[in-house]
Q: 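One structure coming up, written as structure tokens, with questions to follow.
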Amino acid sequence: MNFDWDDQQRSFRATVRDFLAANLPANWEELAHGPGSEAQSAFSKKFCGALAAAGLLVPHWPARWGGRDADPWTSFILAEEMWAAGEPRGGQYMNVNWIGPTLMSFGSREQQERYIPPMARGQTIWCQGFSEPESGSDLASLRTRADRKGDNYLINGQKIWTSYAGDADTCFLLARTAPGKGGISIFLLPMDTRGITVRQIPSIIGEGDIHEVFFDDVEVPASAMLGEEGQAWTIVGKALSLERVGIPRFALASRMLHRAVDILKREGRYGPGAIEQSARAHAACEATRLYSYNIIDQRCHGQVPGPEASAARFATVQAERLVAEFVVEHVPDALAGNHAMLLAHHQRAIVAGIASGAAEIQLNLIATELLELPREPR
Ligand SMILES: Cc1cc2nc3c(=O)[nH]c(=O)nc-3n(C[C@H](O)[C@H](O)[C@H](O)COP(=O)(O)OP(=O)(O)OC[C@H]3O[C@@H](n4cnc5c(N)ncnc54)[C@H](O)[C@@H]3O)c2cc1C
């Protein structure tokens, strides 16, 4: 494959970089980067509003919804630059990546008109209510119930590890309407609905990031359901395939690796051991980049990302971990409060193999679907 950026892509990347230079505060890298903190959520609304005004929030969305039908490379270049800068869009990357596009495909006209325009303006924060205390990797076993009551549903249960729930306007909620995998439905639930309680969980990745969310007789109209009863598994499968290839976390890992190497060079400590270890981490970041580009190329050719997306995601987790290990070993002072971005990256690398699905589950998918290894008989 002969790969290079064309002039238009180079120029788009330069535009995004110029935007970042003009719109990130001078002390951006020194700020606390807890992705779900109140400060970050408030900043992301301001920042995403400015991105939207510049036509840079959702360029890959259809023109009908405020985009300009740009190809998947454009959105990936945008995401790479955002992640390399520490993802100033905060929780709104989810709207841009998968919640908005999912509503475009499966939402009713009323849901689309209500929820998509504020996303395109960068004014709204969503949370993803999937995991429960007994249902993480095994999501199909979730127990939060939604029982039909006339024209409404009554929701009871609990979610956990919900990012951004403290500041979110709306929850993309999975709840059980019948037994089994085919009995799970999606509700678009305003977070100020009576009966919802949000409790913050202390977290390594910063104040305000993850939460428990309780639902006690939460009444929602049937029109809050996305798609039809029991359609969650199909819709979520498509939605998450967008998320898996949509997060170029390697861009931040790579930038942080270079920061750490610069520190060592400045201090005259970039010796053979550090060179070898940083080269391995660099190679992992670059391999991950190529894995991801391969998926974007498939998307450009109209192919739905297959099991290669799991390989790209697992490679990302590994690259982040290698960079984090390099920093711990060679510039540990940076993690003791001297360098907020390196610390933030380190914390993110620790949770990377758990958040948005455990890395081991990706390995299972790689084994069975990509390598076609036989499944162990049960
Ligand atoms: C920072 C952070 C943010 C998060 N944000 C959200 C959010 O916004 N919304 C949301 O719904 N959830 C969120 N999560 C939850 C996350 O999706 C789950 O933690 C994840 O899916 C794992 O589920 P679990 O915690 O129940 O662990 P479990 O599924 O119990 O897994 C525990 C361990 O067992 C291993 N394991 C489990 N099953 C298998 C298997 N079949 N094969 C091999 N190994 C296996 C796992 O890899 C893991 O190491 C977040 C988590 C974190 C850490």
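Numbers here are sequence positions counted from 1.
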Q: Between the side chains of Asp4 and Arg10, is the shortest nitrogen-to-carboxylate-oxygen separation below 4.0 Å, so that they form an ion pair?
A: yes
Q: Report yes if the side chains of Gln9 and Ile77 come closer than 4.5 Å at any heavy-atom pair, otherwise no.
A: yes
Q: Can you confirm whether more than 12 heavy atoms, excluding those of Arg145, are under 6.0 Å from its CZ atom?
A: no
Q: With a 3.5 Å cut-off and no angle check, do the side chains of Asp169 and Thr124 form a donor-acceptor pair?
A: yes
Q: Decide if atom CD of Gln200 counts as having more than 12 heavy atoms of other residues, nucleotides or ligands within a radius under 6.0 Å.
A: yes
Q: Considering only heavy atoms from C-beta outward, does the side chain of Phe43 approach that of Pro25 to under 4.5 Å?
A: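 Sidechains of Pro25 and Phe43: in contact.
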Q: Report yes or no: does Thr193 contribute a side-chain atom to a donor-acceptor pair with the main-chain N or O of Pro190 at less than 3.5 Å?
A: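 Yes: the side chain of Thr193 pairs with the backbone of Pro190.
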Q: Nearest 0.5 angstrom please: Thr234 OG1 to Lys181 NZ, how far?
A: 10.0 Å
Q: Quick one: does Arg176's side chain have a donor or acceptor within less than 3.5 Å of a partner on Gly180's backbone?
A: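 Looks like yes, one N/O pair under 3.5 Å.
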Q: Find out whether Arg17 and Glu81 are in side-chain contact, i.e. whether some heavy atom of one side chain is under 4.5 Å from a heavy atom of the other.
A: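 Side chain of Arg17 against side chain of Glu81, heavy atoms only: contact under 4.5 Å found.
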Q: For Glu308 and Ile295, indicate whether the former's side chain and the latter's backbone hold a donor-acceptor pair under 3.5 Å.
A: no
Q: Nearest 0.5 angstrom please: Lys46 NZ to Asn23 CG, how far?
A: 9.0 Å
Q: For the backbone of Gly150 and the side chain of Arg148, can you confirm whether one donor and one acceptor N or O come within less than 3.5 Å of each other?
A: yes
Q: With a 4.5 Å heavy-atom cut-off, do Glu113 and Glu110 have their side chains touching?
A: no
Q: Where is the tightest heavy-atom contact between His60 and Val96, given as atom of each residue plus distance?
A: NE2-O, 3.3 Å
Q: Can you see which heavy atom on Lys159 is nearest to which on Thr144, and at what distance?
A: CE-OG1, 3.7 Å
Q: Between Ser185 and Gly230, is there a donor-acceptor pair closer than 3.5 Å when you use the side chain of the first and the backbone of the second?
A: yes
Q: Applying ring pair (Phe, Tyr, Trp, His ring centres under 6.0 Å) between Phe172 and each of Phe187, Tyr164, Trp98, report the one that passes.
A: Trp98
Q: With a 4.5 Å limit on heavy-atom distance, are the side chains of Arg289 and Glu80 in contact?
A: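 Arg289 vs Glu80: side chains touch.
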Q: Do NZ/NE/NH1/NH2 and the carboxylate oxygens of Glu219 and Arg194 come within less than 4.0 Å?
A: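 Here Glu219 does not pair with Arg194 in a salt bridge, since their nearest N and O are not under 4.0 Å apart.
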Q: Would you say the side chain of Trp28 lies within less than 4.5 Å of the side chain of Phe47, judging by non-hydrogen atoms?
A: no
Q: Which word best sums up how the rings of Phe326 and His330 line up, parallel for under 30°, tilted for 30 to 60°, or perpendicular for over 60°?
A: tilted
Q: Please say yes or no: joined through hydrophobic side-chain contacts below 4.5 Å, possibly via intermediate residues, are Tyr270 and Leu322 part of one cluster?
A: no
Q: Kindly give the heavy-atom pair with the smallest separation between Ser131 and Leu139, and that separation in Å.
A: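 Smallest interatomic distance, heavy atoms only, reads N-CD1, 4.3 Å.
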Q: Treating His339 as the side-chain partner and Leu335 as the backbone partner, does any N or O pair qualify as donor plus acceptor under 3.5 Å?
A: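 No, the answer is negative, given that no donor and acceptor are paired below the 3.5 Å cut-off.
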Q: Counting N and O atoms only, with roles assigned by atom type, does the side chain of Thr162 sit under 3.5 Å from a partner on the main chain of Ala165, one being a donor and the other an acceptor?
A: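 Not at all, since once roles are kept as given, no pair shorter than 3.5 Å links the two residues.
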Q: Donor-acceptor pair, Trp161 side chain versus Gly136 backbone, under 3.5 Å?
A: no
Q: So do Gln123 and Lys45 actually touch side chain to side chain, heavy atoms under 4.5 Å?
A: no
Q: Flag yes if Val213 and Val220 sit in one hydrophobic cluster, no otherwise; membership is Ile, Leu, Val, Met, Phe, Trp, Tyr, and two members link when side-chain heavy atoms are under 4.5 Å apart.
A: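 Per the 4.5 Å side-chain linkage, Val213 and Val220 are co-clustered.
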Q: Kindly indicate whether the side chain of Ile247, heavy atoms from C-beta on, has any atom under 4.5 Å from the side chain of Tyr93.
A: yes
Q: Going by distance alone, is a donor N or O of one side chain under 3.5 Å from an acceptor N or O of the other, for Glu229 and Tyr153?
A: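 Short answer, yes.
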Q: Run the numbers on Glu132 and Gln158 for side-chain hydrogen bond (donor to acceptor under 3.5 Å, both in side chains), then give the verdict.
A: CA-CA 6 Å; Glu132 298 184 2; Gln158 185 200 341; over 6 Å; no
Q: What are the two closest heavy atoms between Gly100 and Trp61, and how far apart are they?
A: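 Nearest pair, atom of Gly100 first, then Trp61: CA-CZ2, 3.8 Å.
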Q: Do Val351 and Val317 sit in the same hydrophobic cluster, where Ile, Leu, Val, Met, Phe, Trp and Tyr count as joined when their side-chain heavy atoms come under 4.5 Å apart?
A: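 Different clusters.
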Q: Counting distance only, does the side-chain N/O of Ser105 pair as donor-acceptor with the main-chain N or O of Thr102 below 3.5 Å?
A: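 It does not hold such a pair.
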Q: Which heavy atom of Asn152 sits nearest to which heavy atom of Pro221, and what is that distance?
A: OD1-CA, 3.3 Å
Q: Would a single hydrophobic cluster contain both Leu173 and Phe130, if residues Ile, Leu, Val, Met, Phe, Trp and Tyr are joined by side-chain heavy-atom contacts under 4.5 Å?
A: no
Q: Check the pair Thr74, Asp71 against side-chain hydrogen bond (donor to acceptor under 3.5 Å, both in side chains), reporting the backbone distance first and the verdict last.
A: CA-CA 6 Å; Thr74 304; Asp71 69 6; 2.9 Å; yes
Q: Please determine whether residues Leu154 and Met191 belong to a single hydrophobic cluster, defined as Ile, Leu, Val, Met, Phe, Trp and Tyr linked transitively by side-chain heavy-atom distances below 4.5 Å.
A: no
Q: Measure across Ala319 and Thr288 and return the closest heavy-atom pair with its distance rounded to 0.1 Å.
A: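 Heavy atoms only, the tightest pair is CB-OG1, 3.7 Å.
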Q: If the test is side-chain hydrogen bond (donor to acceptor under 3.5 Å, both in side chains), which one of His282, Gln277, Glu276 qualifies with Arg280?
A: Glu276
Q: Would you find more than 12 non-hydrogen atoms of other residues, nucleotides or ligands less than 6.0 Å from Asp6 atom CG?
A: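 Enclosed.
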Q: Just by distance, do the side chain of Gln112 and the backbone of Phe106 share a donor-acceptor pair under 3.5 Å?
A: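 Side chain of Gln112 to backbone of Phe106: no pair is present.
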Q: Distance only, no hydrogens: is a donor on one side chain within 3.5 Å (strictly under) of an acceptor on the other, for Asp216 and Asn156?
A: no
